[in-house]
Structure formats: C-alpha cells, structure tokens
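Notes to accompany the following structure.
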Amino acid sequence: MAKNEPKGGLRLAASCLFGLEGPLGNELRHMGMESVAPENGRVLFTTDMAGLARANIRSRFAERILLVLGEFPARSFDELFEGVRALPFEAWLPRSAAFPVEGWSLDSELRSVPGCQRIIKKAAAKRLGEKYLVSWLPEDGAEYKIRFSILKDVCRITLDSSGAPLHKRGYRPAHNAAPLRETLAAAIVDIAGYRGRGELADPFCGSGTIAIEAALAAKGRAPGINRRFAAERWDAVPRAAWDAERAAALAAEYGGDYHIYASDIDPRAVALARENARRAGVERYIDFSVADARRFSRPTENGVIVTNPPYGERLMEKQSAAELLRLFGGAWRATPWRLALLSPDEGAEGLLGARADKRRKLYNGMIKCNLYMYGLNNKVKAGSAKR
Ligand SMILES: C[S@@+](CC[C@H](N)C(=O)[O-])C[C@H]1O[C@@H](n2cnc3c(N)ncnc32)[C@H](O)[C@@H]1O
C-alpha cells in the first residue's frame with residue numbers, strides 16, 4: 001500500500017457530462033473499481049493508487065478524476081470554514097503545494113461561488129499553516145486544485161487529479177469549430193454498440209471526433225496514454241503506478257483492421273479530420289473522403305452510422321439544416337444500415353422519416369440533445385431498422 005493510501009481504499013469521483021453516468025459506471029466496473037455509485041453528473045468509486053492512475057489513463061467517458069477529501073453540511077460560511085479546516089489536506093498537499101479553488105453551488109443557502117471559494121481557500125491555508133508551522137505558504141510547487149460542490153447544503157471537497165479535463169486527449173487543436181466533446185463521441189459510439197466489428201460511418205464527420213473515438217475504442221487504445229495528469233506531480237502517488245498502468249494499457253491494445261468511414265462535404269473538414277486522426281495514431285484505420293451525406297450509400301449491409309449533423313441556430317440555418325436531415329433520412333432509409341444520430345432538433349425523427357426505436361437524452365456541454373437510435377438492438381442487420 002502506498003503512502004497516504006487509506007485502509008479502505010481511496011474514494012474517488014469521476015465527473016462526466018449529464019447522461020453519461022451509466023456508460024461511465026460500466027467502464028469503471030470493467031476497470032476493476034469497487035463500490036461504483038452513479039450520481040447526477042458523476043460516478044463515485046473506490047480504488048487504490050494504481051486505480052487512480054488507471055482511471056485517468058483509460059477512461060473514455062469521464063471529464064475528471066477527483067479525490068474525495070470529505071463531505072459535510074454547510075449552511076453558513078462558518079460551517080463551511082470549519083468543515084474544510086477539519087479535512088486532512090496535509091496528507092496530500094506538501095508545504096509547497098499550489099491549491100487554487102474552483103466549484104459550484106446549487107439549491108443551497110450558500111449561493112455566492114466567489115464567497116465560498118474565498119472561505120475554502122482560507123480554511124485550507126489555515127489547516128496547512130498549522131500543520132506545517134508556517135504563517136505563509138509559498139504555493140510554488142505542484143498543483144492540487146481543490147474542487148468543491150455544494151448541493152442542497154452539503155459540501156463535497158475534492159482534489160483534481162486530472163488537471164486538463166480528460167476530453168482533451170491531445171489530438172484535436174483548440175480552434176476547431178462546433179466539434180463534439182471527445183467523451184460524448186466515445187459514449188455514442190459505445191451506446192451504438194460498435195466494438196470494432198462490422199462497419200461504422202460518420203457522413204457528417206467535421207473534425208473526425210466520432211471516427212477517431214471509434215478507432216481508439218476498437219483498438220482498445222487508452223485515450224490518455226500520451227497525455228499528462230496533475231497527480232503525476234503529486235508526491236503521494238508513486239511514479240511506478242503511472243508507469244505500470246501505461247505499460248498495462250499498451251499491452252491491452254488489439255491488433256486488427258477496422259472499417260471506419262468518415263466523410264464531410266467540406267474538404268477542409270476532411271483534411272482536418274485526417275490530421276487529427278494522424279495525431280491520435282489511428283489514421284490507417286479510417287477511410288476519409290469528401291462526400292455529400294444527402295447521397296449516402298454503402299454497398300455493404302452490416303454497418304452502423306454514428307453521426308451528428310449540422311444544426312442551425314438562426315431561422316435560415318435551421319431551415320436548411322432541416323432540409324439536409326430530410327434528404328439524408330431518405331438516403332439512409334434506402335440502405336439497411338443501423339443509425340445513431342445525435343441532434344438537439346426535437347423534430348429530427350419527423351425529418352428522418354422514421355420513429356426511433358430508442359431515444360436517449362444527452363448533453364453536448366450545455367446543449368441538450370437526443371441520441372436517436374434505429375435498429376441497434378438487432379443482431380441481423382439487413383432491414384433491421386424499423387421504419
Ligand atoms: C456538427 S458538425 C459535425 C461535428 C463533428 N461531429 C466533430 O466532432 O467535429 C456537422 C458537419 O456536417 C458537414 N456538412 C454539412 N452539410 C453536409 C452535407 N450535405 N454532407 C456532408 N457533410 C455536410 C459540415 O461541413 C460539418 O462539418
């Protein structure tokens with residue numbers, strides 16, 4: 001057992017986009033995590049230091065892996081101060097630790113987030129100052145970001161072990177327009193049941209996120225294998241845990257050939273998607289082309305379309321996006337391919353010309369969307385989607 005590791009294990013919380021708690025819970029169970037308990041927008045679980053590294057390196061659906069320091073009622077600033085001061089910060093934070101504070105409050109007496117930030121900072125500094133017998137903390141060492149949530153007057157204090165959010169895999173530059181979060185793209189590929197068998201196409205591929213996440217999942221490549229995490233600089237988490245987890249993740253990759261197609265009407269999008277796939281190390285698994293989704297067709301029967309077509313904000317854009325969906329729907333219905341289509345348009349089914357077998361509410365950041373699913377439960381692909 002590593003230094004600072006409590007006997008019962010570490011209690012961690014994986015935060016996620018709303019709607020992804022189910023897939024994230026399953027993913028964590030597959031990674032061997034214990035006492036997995038989904039909540040709104042996060043999943044709690046218990047593990048050890050190796051598991052903390054594993055969750056960061058391997059999770060496809062989590063936004064952050066947070067170490068839970070404690071939870072207590074906080075209806076006033078006094079209660080908040082005392083609750084925070086009672087937590088064992090010194091077990092994790094060295095004297096040099098930098099500890100910025102961020103968080104949110106919902107349905108609670110304490111509504112001012114900046115006010116709560118100030119109090120939490122003060123209380124943590126007080127605790128550390130007393131433990132290290134100093135009146136001033138330099139904060140010039142590794143970062144231990146304190147993240148707090150106050151929900152219905154209960155405050156939870158965590159340390160952010162991830163640093164940059166986990167959807168930042170490192171393959172997509174910041175300037176792409178209207179892209180899908182990598183975590184959401186990975187989740188809809190998972191919900192669509194794609195595991196590297198059969199064919200997958202995204203005919204509105206944009207920057208290629210869906211196809212890239214599909215290729216990463218098919219290969220079993222850990223999405224965080226090439227990036228760094230805040231807790232890699234924490235004294236309490238042994239270097240060996242990160243090295244061993246990276247090596248295990250690499251050893252778990254599959255060799256294979258996959259049939260993933262990504263196309264877009266915009267040649268610049270296709271070039272960008274190809275470049276992103278190259279950076280992600282999966283270019284050879286994806287067939288890129290410039291094509292009009294209104295003429296979607298494939299010669300094969302066993303395939304699934306996973307896609308997120310354009311959605312207009314203004315009236316004119318809305319009308320042309322609706323017309324595009326209608327024409328794409330006609331082309332798709334002429335094929336036996338299954339479909340998982342993510343759209344914020346509540347009228348998408350009418351435009352596609354078919355009632356979905358299942359619908360699932362998901363959030364792309366703050367935008368509420370539906371995943372419209374057709375034929376995904378059917379093992380026999382030909383003519384499987386109910387139309
Ligand atoms: C919402 S974006 C897709 C974003 C993508 N999921 C990503 O993560 O970057 C929609 C894409 O549809 C493309 N598009 C618009 N009309 C099209 C058409 N007729 N055929 C194919 N692609 C089209 C746009 O160029 C845009 O890249």
Side-chain angles (χ1 to χ4, degrees), residues 17 20 60-61 165 167-192 194 200-217 223 260-280 282-283 286-298 304-314 316-335 337 339-345 348 351-352 362-372:
L17 291 170
L20 299 196
R60 297 185 194 285
F61 313 136
H167 72 256
K168 298 209 165 149
R169 323 285 210 210
Y171 64 72
R172 207 170 67 177
H175 58 259
N176 288 353
L180 202 56
R181 280 261 184 108
E182 293 83 340
T183 38
L184 182 56
I188 65 176
V189 166
D190 183 72
I191 294 167
Y194 179 74
L200 178 143
D202 179 0
F204 297 97
C205 77
S207 59
T209 324
I210 292 172
I212 293 169
E213 291 296 327
L216 290 172
I260 300 171
Y261 303 89
S263 51
D264 199 287
I265 202 162
D266 179 354
R268 285 165 311 175
V270 175
L272 184 63
R274 187 178 275 123
E275 183 56 21
N276 288 341
R278 190 192 56 73
R279 266 191 291 264
V282 294
E283 188 187 6
I286 306 172
D287 185 320
F288 291 99
S289 61
V290 176
D292 186 343
R294 291 171 291 191
R295 300 209 183 87
F296 178 84
S297 80
R298 295 223 59 81
V304 62
I305 300 170
V306 183
T307 197
N308 126 257
Y311 175 71
E313 287 295 329
R314 288 182 285 266
M316 283 298 283
E317 290 171 357
K318 267 201 172 91
Q319 279 169 352
S320 66
E323 181 62 5
L324 178 57
L325 208 52
R326 203 178 60 71
L327 293 170
F328 165 69
W332 158 66
R333 281 186 283 113
T335 77
W337 278 47
L339 173 65
L341 182 137
L342 184 77
S343 173
D345 188 342
L351 295 165
L352 284 169
L362 295 170
Y363 285 80
N364 186 21
M366 297 307 286
I367 305 169
K368 187 177 131 214
C369 300
N370 275 304
L371 183 66
Y372 297 98

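Atoms within a ligand are numbered from 1 in the order they appear, just like the ligands themselves. If you're wondering where the values come from, they're calculated on a predicted model, not measured in any experiment. Just the heavy atoms: all of them, side chains too, but no hydrogens, waters or symmetry mates, feed the values below.
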**Message:** Checking the N or O distance criterion of under 3.5 Å, is ligand 1 in contact with Asp202?
**Reply:** no

**Complete:** Candidates Pro179, Cys205, Ala185; heavy atom nearest atom 5 (C) of ligand 1 found on Cys205

**Asked** Roughly how far, to the nearest 0.5 Å, is CG of Asn364 from OG1 of Thr183?
**Response** 8.5 Å

**Message:** Just verifying a value: how many Å separate Asp264 CG and Leu272 CG, rounded to the nearest 0.5 Å?
**Reply:** 10.0 Å

**Residues in side chain to side chain contact (heavy atoms under 4.5 Å, CB included) contact with Asp190, at least two apart in sequence or another chain** = Pro23, Phe61, Arg195

**Asked** Less than 3.5 Å between some nitrogen or oxygen of Ile265 and one of ligand 1, yes or no?
**Response** yes

**Prompt:** Out of curiosity, is Ala273 lining ligand 1, as in a heavy atom under 4.0 Å away?
**Reply:** no

**Asked** For the side chain of Trp332 and the backbone of Trp337, is there at least one donor-acceptor N/O pair under 3.5 Å apart?
**Response** yes

**Asked** Does Asn276 reach the main-chain N or O of Ser207 with its side chain, forming a donor-acceptor pair under 3.5 Å?
**Response** yes

**Message:** Does only the side chain of Ser263 get under 4.0 Å from ligand 1, or the backbone, or both, or neither? Count heavy atoms.
**Reply:** neither

**Asked** Taking both backbone and side-chain atoms of Ile210, is any N or O found less than 3.5 Å from an N or O belonging to ligand 1?
**Response** no

**Request:** Before signing off on this row, confirm whether Leu180 and ligand 1 have an N or O atom pair separated by under 3.5 Å.
**Result:** yes

**Message:** Under the rule for side chain to side chain contact (heavy atoms under 4.5 Å, CB included), what residues qualify as partners of Ala277, not counting sequence neighbours?
**Reply:** Ile212, Val282, Glu283, Ile286, Phe288

**Asked** Should one rank Asp264, Thr209, Thr307 by closest heavy-atom distance to atom 27 (O) of ligand 1, which comes out on top?
**Response** Asp264

**Prompt:** If you measure from atom 23 (C) of ligand 1 to every heavy atom of Phe204, Phe296, Phe328, which option wins on shortest distance?
**Reply:** Phe204

